[in-house]
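A short write-up of the structure that comes next.
In what follows, residues are counted from 1 in the order of the sequence shown.
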Amino acid sequence: MLSGRRLDLLDPSPLDVEIADIAHGLARVARWNGQTEGAHIFSVAQHSLLVEAIARSRARLDRATRLGILLHDAPEYVIGDMISPFKAVIGDAYKAVEHRLLAAIHLRFGLPPALPGNLVALIKAADRAAAHLEATRLAGFSTAEARRLFGPAPKFSPLIERDYLTLWPAETAEKRYLERFAKLVGP
């Protein structure tokens, strides 16, 4: 990692996880395999911020819960973002690596290795809502196609669209991810 840490993907240690590495990596990993309109990629860092904003708009959540949501795709800083159909083909091996990495990341930042089921359900719902918005606003999906794949169009504030669905340069995504992280783990 750029921090100098050496992360073992098969047996990751929380001691080798640094938020600067996560933010840097996620800001440079493209959602939708880079198949979005615009001058910049829609990064996993920006997606993570969108998911956290959607979840926050739906429920009153404490800082630790919001941190768990922000970190929901954090393993992708080293393993990349694979589209769901390809993850299904790879199967359990990919999921096992992803779960071990996420557990190490959670432990590093004071969260339980596995999040409670109700929080996982909230993350999945906010993630699907974000995917619907990204698909229709950035990736060229029709509303009908997005509805079939991700469920009904989510209700969201125009602020969310303005703040999170314009493409950011990697440096902006990294900076905003780090700022949000700092706010959630702050004093």
Looking only at heavy atoms, which two atoms of [X] and [Y] are closest? And how far apart?
X	Y	value
Leu50	Phe42	CD2-CZ, 4.3 Å
Phe150	Ala135	CE1-CB, 3.8 Å
Leu7	Leu101	CD2-CD2, 3.7 Å
Arg128	Gly151	NH2-N, 3.6 Å
Ala53	Tyr164	CB-CE1, 3.6 Å
Asp73	Ser48	CB-OG, 4.2 Å

Are any of the side-chain heavy atoms of [X] and [Y] separated by less than 4.5 Å?
X	Y	answer
His24	Leu2	yes
Asp16	Arg6	no
Val17	Pro12	no

Pairs meeting criterion ring-ring contact (aromatic ring centres under 6.0 Å, His included) with involvement of residues 167-187, two or more places apart: Phe109-Phe181
What about [X] and [Y], same hydrophobic cluster or not, with Ile/Leu/Val/Met/Phe/Trp/Tyr joined at side-chain heavy-atom distances under 4.5 Å?
X	Y	answer
Leu49	Trp32	no
Tyr94	Val97	yes
Leu107	Leu15	no
Val29	Met82	yes
Val51	Val44	no

Residue pairs, two or more places apart or on separate chains, that pass side-chain hydrogen bond (donor to acceptor under 3.5 Å, both in side chains) and touch residues 98-115: none
Once rounded to the nearest 0.5 Å, what's the spacing between atom [atom1] of [X] and atom [atom2] of [Y]?
X	Y	atom1	atom2	answer
Asp8	Ser13	CG	OG	9.5 Å
Leu26	Gln46	CG	CD	12.0 Å
Ile69	Ile54	CD1	CD1	10.5 Å
Arg176	Leu178	CZ	CG	12.5 Å
Leu102	Glu76	CG	CD	10.0 Å
Leu184	Glu52	CG	CD	5.5 Å

In a table with atom names and distances, give each donor-acceptor pair under 3.5 Å that connects a side chain of residues 136-145 to protein atoms at least two apart or in another chain.
residue	atom	partner	partner atom	Å
Thr136	OG1	His132	O	3.0
Thr136	OG1	Leu133	O	3.4
Arg137	NE	Glu161	OE2	2.8
Ser142	OG	Glu145	N	3.0

Partner set under side-chain hydrogen bond (donor to acceptor under 3.5 Å, both in side chains) for Asp21, not counting sequence neighbours: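 Per chain and number, Asp21 pairs via side-chain hydrogen bond (donor to acceptor under 3.5 Å, both in side chains) with Ser3.
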Set of residues satisfying side-chain hydrogen bond (donor to acceptor under 3.5 Å, both in side chains) with respect to Lys183, sequence neighbours excluded: none
Pair Lys175 + Glu171: basic N to acidic O under 4.0 Å: no
Under 3.5 Å, sequence neighbours excluded: what are the donor-acceptor pairs made by side chains of residues 110-127?
residue	atom	partner	partner atom	Å
Asp127	OD1	His47	NE2	2.7
Asp127	OD1	His72	NE2	3.4

Arg28/Glu174 under side chain to side chain contact (heavy atoms under 4.5 Å, CB included): CA gap, chis, key distance, verdict: CA-CA 8 Å; Arg28 286 154 179 79; Glu174 181 176 352; 2.9 Å; yes
Heavy-atom donor-acceptor pair, Arg66 side chain to Leu61 backbone, under 3.5 Å: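 Such a contact is found between Arg66 side chain and Leu61 backbone.
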